[in-house]
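Below is one structure, written out as structure tokens; comments come after it.
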There are 2 protein chains.
Amino acid sequence: MKKGRVTLKDIASKLKLAPSTVSRALNNHPAIGEDTKKAIKKLAEELDYQPNPMALGLLQKKSNTIGVIVPEITSHFFSAIITGIQDVIGPSEYNIMICLSNESYEEELTLVKKLSKMRVDGILVSPSSATKDFDHFRRLQNNDVPVVVFDRDCPGLEADKVLVDDYSGAYQAVEYLIRSGCTKIAHLGGPLNLSTTKHRLQGYLDALEKNKVPLRKDYIQHVKGFSHKDGIKPTKKLLELEDAPDAIFAINDNIAASAMHVAKKMGLAIPDDISIVGFDDEPHSLYFSPALSTVWQPVYSLGMLSARILLQRIKNTNSNEEFRMEVFKPELVVRASSREDSVGISD
Amino acid sequence: MKKGRVTLKDIASKLKLAPSTVSRALNNHPAIGEDTKKAIKKLAEELDYQPNPMALGLLQKKSNTIGVIVPEITSHFFSAIITGIQDVIGPSEYNIMICLSNESYEEELTLVKKLSKMRVDGILVSPSSATKDFDHFRRLQNNDVPVVVFDRDCPGLEADKVLVDDYSGAYQAVEYLIRSGCTKIAHLGGPLNLSTTKHRLQGYLDALEKNKVPLRKDYIQHVKGFSHKDGIKPTKKLLELEDAPDAIFAINDNIAASAMHVAKKMGLAIPDDISIVGFDDEPHSLYFSPALSTVWQPVYSLGMLSARILLQRIKNTNSNEEFRMEVFKPELVVRASSREDSVGISD
DNA sequence: TTGTAAGCGTTATCAA
DNA sequence: TTGATAACGCTTACAA
């Protein structure tokens with residue numbers, strides 16, 4: 001065995017042909033004799049020839065790689081989005097480089113630099129909850145690297161965007177709670193500078209106002225992160241209020257889970273004493289006791305569409321098509337952690 | 001703005017130097033004048049020069065990329081392992097390419113080919129549950145691509161391995177169930193050709209035998225996949241037996257969750273009528289009602305160690321060091337879904 | 001139809 | 001200390 005992989009030259013010299021001829025044959029170039037073409041393809045097959053992507057990349061000034069930046073992958077939410085992205089990009093000519101910012105602006109910055117250095121052909125990004133400034137993405141765009149933003153918006157950044165109508169999801173959830181007879185509805189909100197957090201909060205506020213439920217500021221608490229433990233303290237604060245809420249709309253299912261946990265520990269019955277609604281519809285939420293009412297988001301489709309848009313954008317890189325803005329509708333899933341809708345029941 | 005990125009040549013021509021000189025300056029080669037070096041570094045900084053990894057890769061015949069193949073990432077288990085891998089590889093000179101086999105042998109094969117074509121410098125792999133043959137990994141090794149296997153073993157493949165002592169985890173769990181007074185202990189096992197599945201089954205069998213609990217074959221059911229829905233039917237089969245079990249040891253927390261679900265629906269009290277123990281200690285298992293007893297695995301450390309071993313192996317690529325085999329100890333976490341250990345209580 | 005040669009960005013070798 | 005040149009594997013004018 002000679003060391004290293006089989007190259008065009010190897011095939012060429014074995015067949016006493018020029019490398020360019022071999023290249024043409026393998027790329028189905030028209031100007032080539034049928035016989036030589038066949039012979040070349042046969043030998044290439046036998047030798048298991050695989051074109052060197054680095055040589056190609058150097059030549060074409062592109063890496064055939066797409067970067068994906070997400071805050072984390074331990075939640076079902078982002079991992080399902082990534083699965084959707086993979087399922088679209090996988091069969092294409094592109095490779096995916098997945099990067100985790102760990103909800104840190106600094107790490108996100110480092111990742112963008114790394115991906116830029118790698119000459120990725122485009123990136124898909126959901127910014128960290130600490131990111132307030134989007135110049136690092138603009139720098140990519142200035143280097144002709146298309147950027148597609150998904151789930152978490154980057155306000156002010158001109159780019160393709162695939163988002164979820166968080167406002168609507170929150171509005172649906174809160175309006176449902178009101179209709180079911182809850183009057184003291186609290187909100188466990190997320191980190192404040194996230195677009196998703198803001199929109200869900202606004203949906204909450206508007207649903208209250210529209211239904212003439214007075215707003216109580218002490219019914220709004222913000223969690224510092226999205227994992228279970230981040231929900232404990234804020235929930236306690238709510239439930240220890242003199243006039244404690246009879247419903248909690250939580251920023252996601254993890255937080256809703258810890259809210260249920262705390263409520264149960266305090267001896268409250270769910271949903272009789274307090275209704276709890278989450279967001280995301282993580283698969284295991286169905287298996288909580290009581291099963292968690294939550295807002296479903298089309299995560300897999302979101303990942304797929306984002307990837308498709310990026311691929312298109314890469315293909316038509318210099319056409320000045322307008323940026324797309326796609327917004328998916330989430331849906332309230334009512335389960336057992338919230339009371340039944342009393343409006344539907346005759347009284 | 002001239003198009004394309006800044007290259008060595010650009011810097012060289014601006015400074016009226018040869019590209020090789022610029023290269024030496026930027027790589028801190030000793031044979032270079034202090035002044036030229038400074039000037040070059042300054043200009044490189046100003047122009048935001050970033051070496052082209054494809055050119056480097058072509059020259060050095062390596063991609064500076066590590067491939068990671070996992071069956072899926074929507075479970076906390078693999079996503080936490082990946083987080084550990086990222087945290088080790090991220091700060092290194094290497095990039096990571098994460099690939100999902102979706103528990104399919106064919107897709108795994110395709111991914112291996114893809115990574116091989118990319119000239120990855122090494123791969124980390126946890127085989128799909130459908131993989132019985134490991135020749136595709138051997139082919140990589142023959143191409144001098146080191147392979148590190150993690151979590152799921154590839155029996156017969158000579159490679160570095162980072163595993164978990166699944167046997168011990170299962171043994172602990174089942175012995176605990178026996179000590180707590182359960183006598184009819186069932187097992188919801190995983191897909192049969194996975195090493196983890198086999199070892200957990202063996203731990204179950206041995207714990208029964210060692211404690212003189214008679215084995216009943218109809219108490220062993222195998223699930224087809226690892227998600228919640230895969231647990232429903234097998235659980236029903238168990239609970240509909242004439243002499244139904246009073247404990248279930250499930251292959252993972254998802255399956256345990258659906259077992260709890262089914263049991264509750266059938267009117268059984270947990271753990272009074274039936275104890276249930278899972279495997280993995282997914283974060284939300286703490287929030288089930290009752291909180292799920294399970295076997296914790298050091299997932300994050302497992303990811304980190306696997307990555308470290310691969311980096312070392314890549315560094316000393318031609319040293320014929322023996323393959324390493326690291327085995328982590330899992331730990332039983334007793335919560336409320338299983339009865340208390342009656343041995344500790346005086347009678 | 002096939003071959004020759006240049007070039008993508010970088011580094012290593014050799015010469016100056 | 002610096003420069004010229006070749007090479008990594010491939011494609012593409014251009015020439016034959």
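Quick caveat: nothing in here was measured; it's all calculated off a predicted structure. Each chain gets a letter, A, B and so on, in the order the sequences are listed, and its residues count up from 1.
Atom CD1 in A:Ile40 sits about 11 Å away from atom C1' in C:dT1, given to the nearest Å. Straight-line distance from the CG atom of A:Leu58 to the P atom of C:dT10: 9 Å, rounded to whole Å. Atom-to-atom, CE of B:Met54 to C1' of C:dT10 comes out at 12 Å; the value is rounded to the nearest Å. For the pair B:Leu26 CG and C:dA12 P, the computed distance is 13 Å after rounding to whole Å. Between the CZ atom of B:Arg24 and the P atom of C:dC14 there is a distance of 13 Å, rounded to whole Å. Between B:Leu8 atom CG and C:dT10 atom P there is a gap of 4 Å when expressed in whole angstrom units. Between the C1' atom of C:dT11 and the CD atom of B:Gln60 lies a distance of 8 Å, rounded to the nearest Å. In this structure, A:Lys61 atom NZ and C:dG9 atom C1' are separated by 8 Å, rounded to whole Å.
Of the two residues contacting DNA chain C, namely B:Lys9 and A:Glu34, the nearest-nucleotide position lying further toward the 5' end is that of A:Glu34.
With no hydrogens or angles considered, a side-chain donor-acceptor pair links B:Tyr300 and B:Asp87 at under 3.5 Å.
Residue A:Ser20 places a side-chain atom within donor-acceptor reach of the base of C:dT4, judged by atom type and a 3.5 Å distance cut-off alone. For a distance-only test at 3.5 Å, the side chain of B:Arg5 fails to qualify as a donor-acceptor partner of the base of C:dG9.
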Worksheet item: Passes salt bridge (Lys or Arg N to Asp or Glu O under 4.0 Å), A:Lys315 versus A:Glu93? Steps please.
Response: CA-CA 12 Å; A:Lys315 205 185 285 175; A:Glu93 54 188 308; over 6 Å; no
Worksheet item: After noting the C-alpha distance and the side-chain angles of A:Arg24 and A:Lys37, does the key distance pass the side-chain contact (heavy atoms from CB on, under 4.5 Å) rule?
Response: CA-CA 8 Å; A:Arg24 278 188 286 252; A:Lys37 185 164 161 181; over 6 Å; no
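At the heavy-atom level, A:Lys37 lies nowhere under 4.0 Å from the strands shown. No contact: B:Lys62 has no heavy atom under 4.0 Å from any strand.
Each of C:dG7, C:dG9, C:dT2 was ranked by its minimum atom distance to the side chain of A:Leu59; first place goes to C:dG7. Taking the side chain of A:Ala18 as heavy atoms from C-beta on, and the options C:dT4, C:dT1, C:dT11, the nearest nucleotide is C:dT4.
The structure places NZ of A:Lys161 at 12.5 Å from CD1 of A:Ile309, a figure rounded to the nearest 0.5 Å.
Protein chain A contacts DNA chain D from D:dC8 to D:dA13, reading 5' to 3' and using non-hydrogen atoms of the protein with a distance under 4.0 Å.
A salt bridge does not link B:Lys41 with B:Glu45: none of the charged nitrogens is closer than 4.0 Å to a carboxylate oxygen. Looking at B:Asp135 and B:Arg138, a side-chain N of the basic residue comes within less than 4.0 Å of a carboxylate O on the acidic one, giving a salt bridge.
In terms of phosphate contacts, B:Asn27 brings a side-chain nitrogen or oxygen within less than 4.0 Å of OP1 or OP2 of C:dT11. Residue A:Thr36 places none of its side-chain N or O atoms closer than 4.0 Å to OP1 or OP2 of C:dT1.
Only one option out of A:Asp121, A:Asp160, A:Asp144 pairs with A:Arg313 in a salt bridge (charged side-chain N to carboxylate O under 4.0 Å, His left out); it is A:Asp160.
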